[in-house]
Amino acid sequence: MTRNEDEAQPDVDYLRERVRHLEQASQWHHYAMDVLTSMTAIFGDHSQSRDVAAILESTHECVGRLLPLEDAGYYTVDDESSFHLSFRQAGCEGPELEAIVEQLIDEGMFSWALNQNHPVCLPCPGNDDKEGARDDHLVLHVISSRTRIRGMFVGRTRGQPIHPRDPGMKVLSIVLFNAAYALESAALYTLMDHQHKTLKKISERQSLELAHQYSHDALTGLPNRVLFSDRLHQLIQKGPTGDEDDSSHVAVILMDLDHFKRVNDSLGHGYGDHLIKNLADNLRTILADTELLGHHHLDEGHVTLSRLGGDEFGIILDRVDSLDLLARFAQHLLDNVSCEYVIHDHPVFLTCSAGISIHPFDGRDVDTLIKNADAAMYEAKQRGRNHYHFYTQDINAQTYRHLMLENELSRALDRDEFQLHYQPQISLATGKVEGLEALVRWEHPEKGYLNPGHFIPVAEDTGLIEQLGLWVVRRACADMNRLETTGLPVPRMAINLSPRQFRQADLAAQYAAIISDAGIQASQIELELTESTIMQDIDKAVEIFGDMQQLGFRLAVDDFGTGYSSLNQLKHFPIHTLKIDRSFIRGIPQDRDDAAIVKAIVAMAKGLGLEVVAEGVEARHQLDFLKGLDCESVQGFYFSRPLPYDELCEYLQASESVKATTASSQG
């Protein structure tokens, strides 16, 4: 070997050592990269990332490749900041590691290690006490993201302690740092999943509530019109087709309370709602009576009860095989729901009316069956209420005419088709016109003049009577002013009030405002109400009459003798005039009963200090009889029929001329 070769030898050894070192470094680098690459398993897929155990298992696979571990455990933090062992190295199920951790906690080393931002290696507690375990060490490292501690890693190794700068320890920090973020992600996914399930439950519950609200009545809890119609539609689809062999049918019963508006007007809508609930409970009880249903060949499973709106209820009866039994069942319903209801210690007696339609005879679709049952119910009301009625073709024609009249009546006010006619009231003492009764007439564009009997009941049912009543007062006041300017004043004007007007809460205030604007004194207006109307609710009538009297209006009881009032009841009313019904005047003096009634009314009125007006005087013998009783005033065809304004003026002028001529001749 030459000298140059000897001098070059150290350089070769150095290079060989350098290559070996670089190969080891490269090998470790590749190993570390392999470990870091495998860390992606910590996060797993979308579903696994919610599982804490799966995250810690993937974490341990990486850690186990970094450190020679005899045992290892991963502690996680709960919402109350308590640590719990969540994952343990496989094959190390004994309590030894947990006991060691408990000792570390007691000594404060566990808490100290949590506050370190790098892994620490400590002698294992109990090395001095356990033979063969003197070289055991613990590796502790917090599992923490940048914002929150998620847990603690505790690993037990055997042999020499591992330096914190050891490459394995450095990579351990990276692995556990990523594990902390994976745990945060798991907590977030768990929270989101919990919120999603909660929102889903809320949404499902709200959907059920909305569906129930859509298909059920809020006040009574019964099915509403939507569910009623749907149920009826289903039964029609699978029901009989009208063949001769059909032995059972579907019946629709519509029923509502008679004069229910009086309850709301007099007692308030709160009382009305309680009454509706009580009625619904009553109907439920009746329709759940299996013995009753069986007696009428009906079954509880084939009965549907609904509240269709307001005070109207609907009942569907499936598999009806006897119309006679159906009629008896309808009557039983009315007999049992028409009774006295006590609402807040206030007794209210109400009756019901019902209409019945049968599929397929009275309609083959939902709308037709309901419409025809409603028409039959209206017919029952027209026939006196507290009754049921089956649908017939004649009812349909009547209902159509009624509907057409309603539509025409609603437009008549806007088209100024109404007129007032006035019938004079004559003083028997002086022969003078001492008052006028305003009577509304409808000048129908096609049918000509219509008397009140043709349209007032319709106006009453639809509520148009309230607008019409205000129009009558305004027109009557205007005509009184016109008579004043022509020199033909009248002492007073009698205006009729319908039952519905009488129940208006602001009736007195509205009338007072109208006559004030017209410049008319309240004492010039006499408001007439029929005896039968005031007898329906005496206490309320006395209250309203008192309000009217305080405003200065005169008050009269019309059609007296037909409402079965007693003298004891009559004395409570602040009235000025009694009007004897024309039905009693027609038979006097020949009919002894009529004559006796008229005598009694006149005597009673005089005893109470009231004036008496006899209606319907058409003959001289009637007039003479009334004069003999000292009756104050009369009205009727004997003197004049109801006159339009222009003819009234002529009548009043003629009366004044006759009086002037008579006075002149007597002078």
### Message
Under a 3.5 Å distance rule, please check whether Ser58 uses its side chain to pair with a backbone N or O of Ala54 as donor and acceptor.
### Response
yes
### Min side-chain heavy-atom separation Met169-Val139 under 4.5 Å
yes
### Query
Between the side chains of Ser173 and His141, does any donor sit under 3.5 Å from an acceptor?
yes
### Task
Check Leu298, Ile356, Leu325 against Val320 for a side-chain contact (heavy atoms from CB on, under 4.5 Å) and give me the one that passes.
Leu298
### Query
For Asn278, does its backbone N or O pair with a side-chain atom of Asn282 as donor and acceptor, under 3.5 Å?
no
#### Entry: Non-hydrogen atoms of Ile286 and Val337 that approach each other most closely
CD1-CG1, 3.9 Å
#### Entry: Heavy-atom check, side chain of His163 versus side chain of Cys121, under 4.5 Å
no
### Task
Check for a donor-acceptor pair, side chain of His359 on one end and backbone N or O of Asp365 on the other, with a separation under 3.5 Å.
no
### Query
What residue pairs, at least two apart or across chains, pass salt bridge (charged side-chain N to carboxylate O under 4.0 Å, His left out) with a residue in residues 282-300?
Asp281-Arg284
### Considering all heavy atoms, the nearest Gly314-Phe228 contact
C-CE1, 3.5 Å
### Summary
In short, salt bridge (charged side-chain N to carboxylate O under 4.0 Å, His left out) pairs touching residues 218-235 with sequence neighbours left out are Arg225-Glu312
### Message
Once side-chain contact (heavy atoms from CB on, under 4.5 Å) is applied, do any residues pair with Leu191, and if so which ones, sequence neighbours excluded?
### Response
Gln195
### Task
Search all heavy atoms of Asn386 against all heavy atoms of Leu334 and return the closest pair with its distance.
C-CD1, 4.4 Å
Would you mind writing out the side-chain donor-acceptor pairs for residues 144-152 within the sub-3.5 Å range, not counting sequence neighbours?
{"residue": "Ser144", "atom": "OG", "partner": "Arg148", "partner atom": "O", "Å": "3.4"}
{"residue": "Ser145", "atom": "OG", "partner": "Thr147", "partner atom": "N", "Å": "3.3"}
{"residue": "Ser145", "atom": "OG", "partner": "Thr147", "partner atom": "OG1", "Å": "3.4"}
{"residue": "Ser145", "atom": "OG", "partner": "Arg148", "partner atom": "N", "Å": "3.3"}
{"residue": "Ser145", "atom": "OG", "partner": "Arg148", "partner atom": "O", "Å": "3.3"}
{"residue": "Ser145", "atom": "OG", "partner": "Glu184", "partner atom": "OE2", "Å": "2.5"}
{"residue": "Thr147", "atom": "OG1", "partner": "Glu184", "partner atom": "OE2", "Å": "3.3"}

#### Entry: Partners meeting ring pair (Phe, Tyr, Trp, His ring centres under 6.0 Å) with His387 (sequence neighbours left out)
none
### Message
With a 6.0 Å cut-off (strictly less than), is the heavy-atom count around CD of Gln160, excluding the residue itself, greater than 12?
### Response
no
### Query
Is it true that atom CZ of Arg319 has more than 12 heavy atoms of other residues, nucleotides or ligands lying nearer than 6.0 Å?
no
### Query
What pairs meet the salt bridge (charged side-chain N to carboxylate O under 4.0 Å, His left out) rule with one or both residues in residues 112-121, with sequence neighbours excluded?
none
### Summary
Closest non-hydrogen contact found for Leu254 with Ile370 is CD1-O, 3.5 Å
### Student check: side-chain heavy atoms of Asp258 and Lys381 closer than 4.5 Å
yes
### Query
Between Leu69 and Gln89, is a side chain to side chain contact (heavy atoms under 4.5 Å, CB included) present by the stated rule, with each step listed?
CA-CA 9 Å; Leu69 298 172; Gln89 180 174 313; 3.6 Å; yes
### Message
Suppose we screen for ring pair (Phe, Tyr, Trp, His ring centres under 6.0 Å). Which residues come up paired with Phe110, at least two apart in sequence or across chains?
### Response
Phe83
#### Entry: side chain to side chain contact (heavy atoms under 4.5 Å, CB included) between Met109 and Leu138, worked out
CA-CA 11 Å; Met109 296 304 296; Leu138 292 178; over 6 Å; no
### Residue pair Ser353 / Ala380: nearest heavy atoms and the distance that separates them
CB-CB, 4.3 Å
### Message
Going by the rule side-chain contact (heavy atoms from CB on, under 4.5 Å), which residues pair with Asp78 if we only count those two or more places apart in sequence or in a different chain?
### Response
Glu80, Ser82, His84
### Task
Report the relative orientation of the aromatic rings in His296 and Phe329; use parallel for angles under 30°, tilted for 30 to 60°, perpendicular for over 60°.
perpendicular
### Message
With a 6.0 Å cut-off (strictly less than), is the heavy-atom count around NZ of Lys277, excluding the residue itself, greater than 12?
### Response
no
### Task
Have a look at Val252 and tell me which of Leu369, Thr304, Asp374 forms a side-chain contact (heavy atoms from CB on, under 4.5 Å) with it.
Leu369
#### Entry: side-chain contact (heavy atoms from CB on, under 4.5 Å) partners of His216, counting only residues at least two apart
His212, Pro223, Leu227
### Task
Using ring pair (Phe, Tyr, Trp, His ring centres under 6.0 Å) as the criterion, list what pairs up with Phe313, not counting sequence neighbours.
none
### Query
Quick one: ring pair (Phe, Tyr, Trp, His ring centres under 6.0 Å) partners of Phe153, sequence neighbours excluded?
Tyr74
#### Entry: Of all pairs that satisfy side chain to side chain donor-acceptor pair (under 3.5 Å), the ones with a partner from residues 103-115, not counting sequence neighbours
Gln103-Glu107
### Message
As an exercise, state the distance from CD1 of Ile100 to CG of Leu122, rounded to the nearest 0.5 Å.
### Response
11.5 Å
### Query
When you look at Leu222 and Leu283, which way does the side chain to side chain contact (heavy atoms under 4.5 Å, CB included) test go after all the steps?
CA-CA 11 Å; Leu222 291 173; Leu283 286 170; over 6 Å; no
#### Entry: Over 12 foreign heavy atoms within 6.0 Å of NE2, His233
no
### Task
Show the numbers, then the answer: is there a salt bridge (Lys or Arg N to Asp or Glu O under 4.0 Å) between Lys197 and Asp193?
CA-CA 6 Å; Lys197 291 178 179 178; Asp193 187 56; 3.3 Å; yes
### Query
Is the count of non-hydrogen atoms from other residues, nucleotides or ligands lying under 6.0 Å from Phe349 atom CZ greater than 12?
yes
### Query
So, for Ile276 and Gly310, which heavy atoms are closest and what is the spacing to 0.1 Å?
CD1-O, 3.7 Å
### Message
For Asp362, is there any backbone N or O sitting under 3.5 Å from a side-chain donor or acceptor partner on Asn372?
### Response
yes
### Query
How far apart are the C-alpha atoms of Thr59 and Ile143, what are their side-chain angles, what is the distance that settles it, and do they pass the side chain to side chain contact (heavy atoms under 4.5 Å, CB included) test?
CA-CA 11 Å; Thr59 300; Ile143 303 174; over 6 Å; no
